[in-house]
Amino acid sequence: MFSLVELEAAAAEVHEVFAATAAYSWPLLCARTAAEVWVKHENQTPTGAFKVRGGIVHVRRLAEQGLAPNGLISATRGNHGQSLAFAGARHGIDVTIVVPEGNSREKNAAMRAFGARLIEHGQDFDAARAEARRLAEVEGRFFAPSFHPDLVLGVATWALELFRGAPPLDALYVPIGQGSSICGAIQARDLLGLKTEIIGVQAKGAPTYALSLEAGRPVTIERADTQADGLATRVPDADALAMIAKGAARIVTVSDDEIAAAIRAYWTDTHNLAEGAGAAPLAALLQEREAMRGRRVGLPLSGGNIDLALFQDWVLKN
């Protein structure tokens, strides 16, 4: 999909905006998991999630090529939209974001604060995406998908930083929403010639990629039943699926209860707040604790943007 030279150039673009995020091995987390765990703190980016890396690279390309003269539009549950709004503001590109009805109030507020026009439509992400595509035609806007080569290139920079900054990793757990993060990690690993096992993580209530791998073809599910909004995908991307099938060792599915426990573990062991998708890799590692005992494992804390109300109702009361 891209070369190491292109990946390093994308990292330089990202680092014009913010420095590489930290990767720490937290002793209490290592004791809890019985592994040497390296946490990549993507919750410390300017938008609180890894997605901003893709937005920086993708929107800069759009601006340079003049591909969004009437602005751009996309659909999101939050972090992708924040990344586009953040990058759009830097390049003077008008951004419209469509979110599902009842979407995270705090993520909605953040997108507006970054300058996006926000539209609520539909019951889930996939319905919002269909509306965004319709509005792109009506308003003459560039439709920015959630999975695109520029997005994968941009988000792959977190994996490049981790692989080069941490000791050699035996395994790396990566959450899967639309697939840009795990595909970026696979590409970065392969370009660096590493043997790190990459393991995808999905919610048990939204296992579209896990089911697709089993079936050998894209499988759409009727409902994404999880409180981890970054994992709430019903329709897999065919290109992402092909890359995951080729480069990932397996996909682990975790329950919302396991994710809530992982959010609490991050707080008690590191005093970092994780959103559902951000904590899912830790939940998967805890599920596979015995198999990973004594190994060196990477975990991207891919986002920390959880609503206070959701945190109280889901995590603290669980």
Interatomic spacing from [atom1] in [X] to [atom2] in [Y] - rounded to 0.5 Å:
{"X": "T33", "Y": "L285", "atom1": "OG1", "atom2": "CG", "result": "5.0 Å"}
{"X": "L162", "Y": "T196", "atom1": "CG", "atom2": "OG1", "result": "8.5 Å"}
{"X": "D237", "Y": "Y209", "atom1": "CG", "atom2": "OH", "result": "5.0 Å"}
{"X": "Q227", "Y": "I306", "atom1": "CD", "atom2": "CD1", "result": "8.5 Å"}
{"X": "L191", "Y": "S3", "atom1": "CG", "atom2": "OG", "result": "7.0 Å"}
{"X": "K40", "Y": "L299", "atom1": "NZ", "atom2": "CG", "result": "13.0 Å"}

[Y] side chain reached by [X] side chain, heavy atoms, under 4.5 Å:
{"X": "L169", "Y": "F163", "answer": "yes"}
{"X": "S180", "Y": "K51", "answer": "yes"}
{"X": "S181", "Y": "F50", "answer": "yes"}
{"X": "Q202", "Y": "L231", "answer": "no"}

Determine which pairs satisfy side chain to side chain donor-acceptor pair (under 3.5 Å) with at least one residue from [range], sequence neighbours left out, and list them in order.
{"range": "residues 298-307", "value": "N79-N305, S104-D307"}
{"range": "residues 111-135", "value": "T96-R117, E101-Q123, R117-E139, D124-R234, D126-R129, R129-Q178, E131-R134"}
{"range": "residues 280-291", "value": "Y173-E288, R250-E288, E258-Q287, E290-R293"}

List the atom of [X], the atom of [Y], and the distance in Å for their closest heavy-atom pair.
{"X": "T47", "Y": "V52", "result": "OG1-CB, 3.4 Å"}
{"X": "G205", "Y": "P207", "result": "C-CD, 3.6 Å"}
{"X": "A274", "Y": "Y266", "result": "CB-CD1, 3.9 Å"}
{"X": "A262", "Y": "A279", "result": "CB-O, 3.4 Å"}
{"X": "F311", "Y": "I263", "result": "CE1-CG2, 3.9 Å"}
{"X": "A185", "Y": "V174", "result": "CB-CG2, 4.3 Å"}

Show me the side-chain donor-acceptor pairs of residues 215-223 shorter than 3.5 Å, one per line, residues at least two apart or across chains.
none

List in chain and number order the residues that pass side-chain contact (heavy atoms from CB on, under 4.5 Å) with A156, two or more places apart in sequence or in another chain; answer none if no residue qualifies.
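side-chain contact (heavy atoms from CB on, under 4.5 Å) list for A156, sorted by chain: F2, L7.
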Could I get the full list of side-chain contact (heavy atoms from CB on, under 4.5 Å) partners for A136, not counting sequence neighbours?
I73, F143
Any chance you could pull the hydrophobic cluster mates of L84, using side-chain heavy atoms under 4.5 angstrom and chaining through other members?
V59, L62, L67, L72, I93, V95, I97, V99, M111, L118, F142
How would you list, by chain and number, every residue that makes a side chain to side chain donor-acceptor pair (under 3.5 Å) with E214, sequence neighbours excluded?
none
By side chain to side chain donor-acceptor pair (under 3.5 Å) - contacts of T76 (at least two apart):
none
Ion pair present between E197 and R295, side-chain N to carboxylate O less than 4.0 angstrom?
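Yes, this pair counts.
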Taking the inter-plane angle between the rings of H41 and Y24 on a 0 to 90° scale, is it parallel (under 30°), tilted (30 to 60°) or perpendicular (over 60°)?
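The rings of H41 and Y24 sit tilted, inter-plane angle from 30° to 60°.
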Checking F86 now: which residues fulfil ring-ring contact (aromatic ring centres under 6.0 Å, His included) with it, not counting sequence neighbours?
F114
Going by ring-ring contact (aromatic ring centres under 6.0 Å, His included), name the residues that satisfy it together with W38, two or more places apart in sequence or in a different chain.
none
Validation: residues 9-19 side-chain donor-acceptor distances under 3.5 Å, sequence neighbours left out:
unit_1: E13; atom_1: OE1; unit_2: R61; atom_2: NH1; d: 3.1
unit_1: E13; atom_1: OE2; unit_2: R61; atom_2: NH1; d: 2.8
unit_1: E13; atom_1: OE2; unit_2: R61; atom_2: NH2; d: 3.2
unit_1: H15; atom_1: ND1; unit_2: A11; atom_2: O; d: 3.2
unit_1: H15; atom_1: NE2; unit_2: E161; atom_2: OE2; d: 2.6
unit_1: E16; atom_1: OE1; unit_2: R60; atom_2: NH1; d: 3.1

Flag, side chain of T268 to backbone of A265, donor-acceptor distance under 3.5 Å:
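It does hold such a pair.
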Counting N and O atoms only, with roles assigned by atom type, does the side chain of N70 sit under 3.5 Å from a partner on the main chain of R141, one being a donor and the other an acceptor?
no
